[in-house]
Protein chains: 2
Amino acid sequence: MIISKTCDHAIRAALYVALHEDRAYVTIREISEHLGLSFHFLTKILQALTQKGIMTSFKGPNGGVSLARPAQSISIKEIVVAIDGEALFSGCMLGLDTCNDDHPCPLHQQWANLRDQLETLFTQTTLAYLADRIRREGLRLANFEAVSLVS
Amino acid sequence: MIISKTCDHAIRAALYVALHEDRAYVTIREISEHLGLSFHFLTKILQALTQKGIMTSFKGPNGGVSLARPAQSISIKEIVVAIDGEALFSGCMLGLDTCNDDHPCPLHQQWANLRDQLETLFTQTTLAYLADRIRREGLRLANFEAVSLVS
DNA sequence: TATATTTAAGATATAAGAGTCTTATTTCTT
DNA sequence: AAGAAATAAGACTCTTATATCTTAAATATA
């Protein structure tokens, strides 16, 4: 797949938190249960997002995680870069590390074009936009019915 | 990266063979040396392409591999599917296996659009087209100078 | 102050991808 | 017929991604 499993977990968790922006903190336990993800694994993933300044966390009772900034200002790209790195938006499709505009591989130009579109999409797509659509259209964030998510 | 390392090796090797379509067979040893890939690893990869009917092989002296069909009729997509499977062209960006048009994830539509473009690109891009551009424009297939390839 | 609740951190385990090595098997050449 | 040259096949190793488990640290509440 185009992003790692770790990264898709991160995006889905961030969306879950964005859907509950009204609450000060959401526990990782709750997120993991609603999304069907391993609690411990999700903890590590969200630690990374916290270290990258995308989320903030708070220990102890009533603690949990929350978005470090308004959902409107956090793009999907930020999360992808935080977890998977820049490679998706800069790498050569054939994995050649000396491939560049001056010495391109045969797929360089075509891939660069698509990659730019992907980057634009990821940059423009914010957590707020997606959360809004999830609310309005009841889109799914997990492999089970959407209803259970917004509760 | 968007395709596996195995898959990019496969594409590059197929292009090398396409560049030498005049020869009955090209040895895997020669391909591996010109592309800077492990001989044994490449052998396994090309075995897969042979089993999928994309290449043919011949044992013994003067043996090697060659394209099973004219380079014009082999698309990059065929190779990607042979090695990495259909996932890239059908999977959900968030990895949800129940995501579909009726019950989409929040990124479903946008990703479907880009994915279709990717599929079109990969379907329309043939080994012949790329080999032609490599010849004319001296594009690179390896992490070293293009010249050494066409020899 | 003690206890429960929560994230942080690090060690460990499992699975998959990537890569290597050895031994067939086929075919050509002498 | 023998030996050399090539791919085929399978076992094996190494690395990275994924996942789990345990202990520590912080905070609230009784």
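All chains are named by letter (A, B, ...) in the order of the sequence lines, taking the proteins before the strands, and each is independently numbered beginning at 1. We use all heavy atoms of the structure for the numbers below, so side chains are in, but hydrogens, waters and symmetry mates are not.
Residues A:Gly63 and A:Gln51 both approach DNA chain C. Their nearest nucleotides, taken by heavy-atom distance, put A:Gly63 toward the 5′ side.
Not a single donor-acceptor pair under 3.5 Å links the side chain of B:Arg115 to the backbone N or O of B:Leu88. Panel note: side chain B:Asp97, backbone A:Asn143; no donor-acceptor pair is recorded below 3.5 Å.
In this structure, the CD atom of A:Glu30 is 15 Å from the C1' atom of C:dT7, given to the nearest Å. Regarding B:Glu33, its CD atom lies at a distance of 14 Å from the C1' atom of D:dA6, rounded to whole Å. Rounded to whole Å, the distance from CD on B:Gln47 to C1' on D:dA6 is 12 Å. Taking atom CE of residue B:Met55 and atom P of nucleotide D:dT7, one finds them 12 Å apart after rounding to whole Å. Atom CD1 in B:Ile45 sits about 13 Å away from atom P in D:dA8, given to the nearest Å. Look at NZ on B:Lys59: it is 5 Å from C1' on C:dT26, rounded to the nearest Å. Taking atom OH on B:Tyr25 and atom P on C:dT26, their separation rounds to 16 Å, with Å as the unit. A:Phe58 places its CZ atom 8 Å from the C1' atom of D:dA26, with the value rounded to the nearest Å.
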Can you list, pair by pair, the side-chain donor-acceptor contacts under 3.5 Å of residues 60-80 of chain A, counting residues two or more places apart and other chains?
from    : atom 1 : to       : atom 2 : distance (Å)
A:Ser66 : OG     : A:Thr56  : OG1    : 3.0
A:Arg69 : NH1    : A:Ser73  : O      : 3.2
A:Arg69 : NH1    : A:Glu78  : OE1    : 3.4
A:Arg69 : NH2    : A:Glu78  : OE2    : 2.6
A:Ser73 : OG     : A:Pro70  : O      : 2.9
A:Ser75 : OG     : A:Lys77  : N      : 3.4
A:Ser75 : OG     : A:Glu78  : N      : 3.2
A:Lys77 : NZ     : A:Glu119 : OE2    : 2.7

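When only modelled atom types and interatomic distance are considered, B:Tyr16 and B:Glu30 share a side-chain donor-acceptor pair under 3.5 Å.
Contact between the side-chain N/O atoms of A:Thr50 and the OP1/OP2 oxygens of C:dT7 is not found at any separation under 4.0 Å. In terms of phosphate contacts, B:Thr43 brings no side-chain nitrogen or oxygen within less than 4.0 Å of OP1 or OP2 of D:dA8.
B:Leu46 comes within 4.0 angstrom of no nucleic acid atom, judged by non-hydrogen atoms across all strands.
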Contact state string [nucleotides 14-22 of chain D, B base, S sugar-phosphate only, - no protein heavy atom under 4.0 Å]: ----SBBBB
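Rounded to the nearest 0.5 Å, atoms CH2 (B:Trp111) and OG1 (A:Thr125) are 12.5 Å apart. Here the CG atom belonging to B:Leu141 is positioned 11.5 Å from the NE2 atom belonging to B:His34, to the nearest 0.5 angstrom.
At a threshold of 4.5 Å between non-hydrogen side-chain atoms, the residues B:His108 and B:Cys99 count as touching.
The listed nucleotides are D:dA28, C:dA8, D:dA5; the one nearest the side chain of A:Asn62 is D:dA28.
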